[in-house]
Amino acid sequence: MTTRSSYPAKSVPPRALALSVASLAVPVVAALAFPGSLGELGVMLWLLALVPAFLLAYYRGWWGVTLACGVGMAVLALTQSVAGILGRQIQEGPLFFAVVVIYIGIALGIGWLTDRLSVATGRKQIEEIRLRLVKALETMQLGVTITDTNRKIIFSNPAEARNHGYTVGELVGKNVGIFAPSGKLKPLEKEELKALSSWKRESINVRKDGSTFPVQLTSDVVLSASGDPIGIVTTCEDITERKERQKQLERATRELRKSHGDLQATQMRLIEAEKLESVGRLAAGVAHEVKNPLMVILTGVKILTQHLQDGSGDIRVLLDDMTDAVARADAVICGLLDFARPHDFELVPEDLNTIVEQSLSLVKHEMDKSHVTLAKELAPDLPKVNLNAFKIQQVLINLFTNAVHAMPEGGELTVRSYSRPVRQLASNPNSVERENLLTSESDVILEVDDTGTGIPEDKLAKIFDPFFTTKPTGKGTGLGLSVSWQIVEMHGASIEFKNRDEGGVTVTIIFRSDAGE
Amino acid sequence: MEKRRILVVDDEAIITRTLKLYLEGTGSYEVRTENEGSHALQAAREFNPDLIMLDLVMPDTDGATLASEFRGDSKLQNIPIIFLTALVSKQEVGAQGKEIGGHPFLAKPVDPEKVVECIEEQLQ
């Protein structure tokens, strides 16, 4: 906001008005007392116009007008007097003359006295206000600095000086750039100042000892009564604490958001684990009950096969199918039990690339059959990972087989491995910020890309569900990925399926390796 | 050639019945079946088998207990034992390698030809 100076403001005091009215009354009373003078109404009216104008001008401080009115009245009185002395027809009697002179004298006297009185009172009030303002500015906790348009400090309150490590005396007369890291500030042009009018900003100010602190500055251009910029008043608030609180809040928000995310992820994992666990328990119970009947069927089929006559080819095929059916049912149950009891394995430091190679050799035949080509991007010198080679091989064969099945018309299977150091947020007590610290751990990542059909987005969430399969009946048990998921979990690793933009799926498994071992 | 005598102990009658049928069908074995675990010792003493097949989990007893009872019997202690089980996890059956307590075990459903192979191995 631009501050327009209102000092010294003048307005007609009510008593000036009263005096003007009184000055009207005096000649009217005089005219009534001396009826002879009524003939000189013209002069009277002139007086009537002169006197109020004189008084009004006097109180408004229009000294030229006051003088003119005064001289006018004096000349009038003088003319009347000279005419009387010379024995000419005295238009007004000497009494009237005397009245006029007395009247002018009284009016001037009252005017003068009132003016003196009013100025004195005004000065006293102004001085009081000024003292109060200065006192208020000096008491304020908010720093205040007033500069002229050349940016020279003409006033700084103690808070401002204290905040910057100066005394008030050291500041007055200095360029206000003493507070700015950039140093001296250029004077501002009138037009510039007018355009700026008022501005707020956050900045960094410099103390006398060179240290810095964040501030909130609000500047207003001060305008004179005529509207010209005469200076700038700036309040300066030290916002170190506010900034600190803001940072803490931001940090807390960030941490909260992260823990919320972690919590959600954990919850999802727990739900998933619980789901798989209950299926596992159910499977274990069912498996035991089913295995005896399967044994009976298998033995029965073998007995029937032995009793077959030569030539009963169809029946032999049928019995062979029954044997296969029993084997398939058994495979499903074994898969379920695998799933129910994945815990019985040991973890030892292994080279992931070796396991990848072994697993690839086991699916090579199937890949060749489906015209799937292989691209290997295995990083040398991968850190060793604690794992169970047999179980991870089971997972990899599963993934490779799925990928090949997703590319019935051929395609490319890419297997990629690499590692990256693990960064961890650690708090440093000497720093406001948390720092990213390198740990001795690294992530060992295995990615399997295929160029197949991809997984419909609505099915992505279900792929780890037991018995969820997109393969034709009899082609898959729907347990492969459930078991794989569980094995990966048991390794403290993670597995994720993502559709690739260019088509197909990328499976990412992330193992954590402690390179410090 | 004299038929070898096999005692099959399993609480499921359909298992003992079909195994008996199969094994006797080979012409090499004489099979006696027992569905009550608690009667197994008595049956073994009477039958004097060359080999005993034991179901691991039965309602009234379990295969491992029976095996130790056989071992404690001077007459039966040297008779080879094969376990049959519908349990799958090695931890569940307390297996080490392919054996439980030094006896081989077969997981149901097992191809009866494999049963015969295993019997022959044990009888040698």
Side-chain angles (χ1 to χ4, degrees), chain A residues 277 280-309 316 319-346 388 390-391 394 477 479 483 486-487 490, chain B residues 6 8-29 31 33-35 37 53-59 62-63 82-98 100 105-119:
Chain A
E277 185 89 17
R281 274 200 302 274
L282 183 69
V286 170
H288 186 250
E289 291 309 309
V290 172
K291 278 176 171 279
N292 277 324
L294 284 182
M295 173 86 192
V296 172
I297 294 169
L298 192 59
T299 312
V301 167
K302 290 290 169 180
I303 293 169
L304 289 176
T305 310
Q306 285 170 352
H307 285 80
L308 273 185
Q309 305 292 320
R316 195 173 290 277
L319 291 174
D320 283 350
D321 284 349
M322 286 173 75
T323 306
D324 288 347
V326 169
R328 211 173 91 197
D330 190 41
V332 171
I333 288 160
C334 287
L336 272 174
L337 286 160
D338 223 2
F339 183 60
R341 308 251 189 293
H343 312 277
D344 41 358
F345 57 80
E346 260 186 319
N388 181 286
F390 178 72
K391 288 286 175 185
Q394 186 184 344
T477 57
L479 286 167
V483 173
Q486 225 178 15
I487 291 172
M490 296 307 297
Chain B
I6 314 281
V8 180
V9 184
D10 194 311
D11 62 305
E12 294 256 6
I14 51 168
I15 294 280
T16 52
R17 203 157 56 227
T18 46
L19 265 181
K20 179 181 164 76
L21 204 59
Y22 183 87
L23 292 175
E24 291 189 341
T26 62
S28 310
Y29 310 106
V31 177
T33 61
E34 180 52 65
N35 299 120
M53 295 190 75
L54 279 178
D55 184 17
L56 210 50
V57 183
M58 287 176 281
D62 66 86
I82 298 173
F83 287 118
L84 259 182
T85 177
L87 298 176
V88 250
S89 156
K90 285 182 182 178
Q91 279 181 342
E92 265 177 328
V93 294
Q96 284 169 341
K98 289 182 175 173
I100 301 169
F105 79 92
L106 297 168
K108 297 176 195 173
V110 59
D111 189 323
E113 287 166 15
K114 292 248 168 62
V115 176
V116 171
E117 270 174 37
C118 190
I119 289 173

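FYI, side chains are in, hydrogens and waters are out, and symmetry mates aren't considered; it's all heavy atoms of this structure. Residue numbering restarts at 1 for every chain, and letters A, B, ... go by the order of the sequence lines.
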Item to check | Value rounded to 0.5 Å, distance of OG1 in B:T18 from CE in A:M295 | outcome: 6.5 Å
Next on the checklist: If you compare all heavy atoms of B:A86 against all heavy atoms of A:K291, which two are closest, and at what distance to 0.1 Å?
Outcome noted: O-CD, 3.2 Å
Next on the checklist: Give me the atom names and distance for the closest heavy-atom approach of A:T299 to B:P112.
Outcome noted: CA-CG, 3.8 Å
Next on the checklist: If you compare all heavy atoms of A:N292 against all heavy atoms of B:I15, which two are closest, and at what distance to 0.1 Å?
Outcome noted: O-CD1, 3.4 Å
Checklist entry - What is the distance from atom CD1 of A:I303 to atom CD of B:E24, rounded to the nearest 0.5 Å? => result 10.5 Å
Next on the checklist: Which atoms of A:D330 are under 4.5 Å from chain B, going by heavy atoms: the side chain, the backbone, both sets, or neither?
Outcome noted: side chain
Checklist entry - So do the side chains of B:K108 and A:L294 get within less than 4.5 Å of each other, counting heavy atoms only? => result no
Checklist entry - For the candidates B:D111, B:V115, B:L21, which exhibits the highest count of non-hydrogen atom pairs separated by less than 4.5 Å from chain A? => result B:D111
